[in-house]
Amino acid sequence: MLLLIPGPVQTRPETRAAMAQDIAPWDNDFRPTYASIRERVRVLAGGVEGMHATLPLQGCGHFMMEAAIRTFVPAGGKLLIPQNGAYADRAVRLATEAGRVVVALPGPDTRPVTAEEIAAALAADPAISHVAMIHNETGSGIVNDPEVIGPAVRAAGRRLILDSVSAFGALPVNLADHPEIDALIFTSGKCLEGLPGIGFAVARIDSVTAAAGNAGSWAFDLSDVYAHALRAGWGSFRFTPPVQSLAAFSVALDLHEREGGQPARLARYRENARAMYDGVRALGMAPYLDWAHQGPVIVTVHQPADPAFELQPFVDALKRRGVLISNFWNTQAPTFRVGCIGAVTPEDIRGAVAAIDGALRELGVTRREASGNDAPRQKVSARDDD
Ligand SMILES: *Cc1c(COP(=O)(O)O)cnc(C)c1O
């Protein structure tokens, strides 16, 4: 089966094989593995020794985002969230339920937020201490670029939390150039092509130490993760970690490096996205985004106008052809989405395009242009659980 979803992604056999062992997390053979993962991840993020630290948490990206928001934004404090997609909606909910005050900056999910919009929103409200931004918006496929937004946040004297969960490892970000970033967030199971199970924040040490006491949660307090590392060592965990997933992640990092690191991975994903974008157009369908705003991680496609098209039967027909895509959409208009990340090549993508054609034929979908019922842009997601 070819897994074309934006995480957890298709992995390489060597990566999966590393999970097939029993491991004690505190064992002296494993501690260096974990410590070296933290170090390698910091270097990958462009973090500076003594200035940045890798602070992992067991679990998923949402846990990591909640931890970062709780740790860096004081209880009752204000943060700005450019709300131009489904994952930004989730960040709004996370922050609100954590008792932080969200100032939402709504925008269409078809283009990135601009530096001017961020600067104006920050100028209008001096009480905002942080901006929390989604790097790659996994709902639609647009990219909010930290190279564009970071300087605006910096100029306004505010701090940035960057949700780079579906971007890091492929899209560039170099923390040494971004003193405004308190935390860069990502997980093991997306562009770094590991198995799911562990989340990472690469964070500024001065911000982390200044934030002690903010979180209102022991489990989600990144300043406590840092304090624990100082006390017990960089190879030690506060709570039981997903050790097998970490063992696999170490191999995934080797493979990332061997491929040529972030630039090579980005180049492959871009080629994947190009092949999917051009492929569906050649089949008569309409991609959701203009090419100018199309990121390399997922391609979303308008659902065809033909009444014979229904998403779940389409996904099932595609699965019978060996390709698995998401069975839900969370853009502002009905779409289906195809992940272009993971251990997947442009050749695989061309095969998937042929499978899409086969599935549409099987279902009798002849009118393949956009259904057009996206005129009233309602701010809803088709599904709320991913
Ligand atoms: C995948 C993803 C997350 C986290 O998802 P989890 O299911 O919690 O791991 C967060 N933000 C973005 C942009 C994502 O793509």
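As the structure lists them, so they are numbered: ligands from 1, and atoms in each ligand from 1.
- Between Ile81 and Leu105, every side-chain heavy-atom pair lies at or beyond the 4.5 Å cut-off.
- The minimum heavy-atom distance linking Glu193 with Ala252 is given by the pair O-CB, 3.7 Å.
- Checked by distance only, ligand 1 and Thr187 stay at 3.5 Å or farther apart across all their nitrogen or oxygen atoms.
- Taking every non-hydrogen atom of Cys60 and a distance limit under 4.0 Å, the qualifying atoms of ligand 1 come out as 6 (P), 8 (O), 9 (O).
- Listed by atom number, the atoms of ligand 1 under 4.0 Å from Ser166 heavy atoms are 13 (C), 15 (O).
- Considering Phe63, Phe168, Phe249 in turn, Phe249 is the only one that fulfils the ring pair (Phe, Tyr, Trp, His ring centres under 6.0 Å) rule with Phe200.
- Taking every non-hydrogen atom of Thr138 and a distance limit under 4.0 Å, the qualifying atoms of ligand 1 come out as 12 (C), 13 (C), 14 (C), 15 (O).
- The option from Pro196, Gly61, Gly7 that lies nearest to atom 9 (O) of ligand 1, judged by heavy atoms, is Gly61.
- The ligand atoms of ligand 1 that sit less than 4.0 angstrom from a heavy atom of Asn136 are 13 (C).
- Electrostatic pairing of Arg361 and Asp357 counts as a salt bridge here, judged by a charged N lying under 4.0 Å from a carboxylate O.
- Nearest to atom 2 (C) of ligand 1 by heavy atom, out of Glu66, His135, His62, Lys190, is Lys190.
- Ligand 1 places these atoms under 4.0 Å from at least one heavy atom of Ile134: 13 (C).
- A salt bridge links Arg111 to Glu117: one of the charged nitrogens lies within less than 4.0 Å of a carboxylate oxygen.
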Q.
Let's go through Asp89 and Arg93 carefully: what are the C-alpha distance in whole Å and the side-chain angles of both, what is the deciding distance for salt bridge (charged side-chain N to carboxylate O under 4.0 Å, His left out) to 0.1 Å, and is it a yes or a no?
A. CA-CA 6 Å; Asp89 295 347; Arg93 176 173 174 178; over 6 Å; no
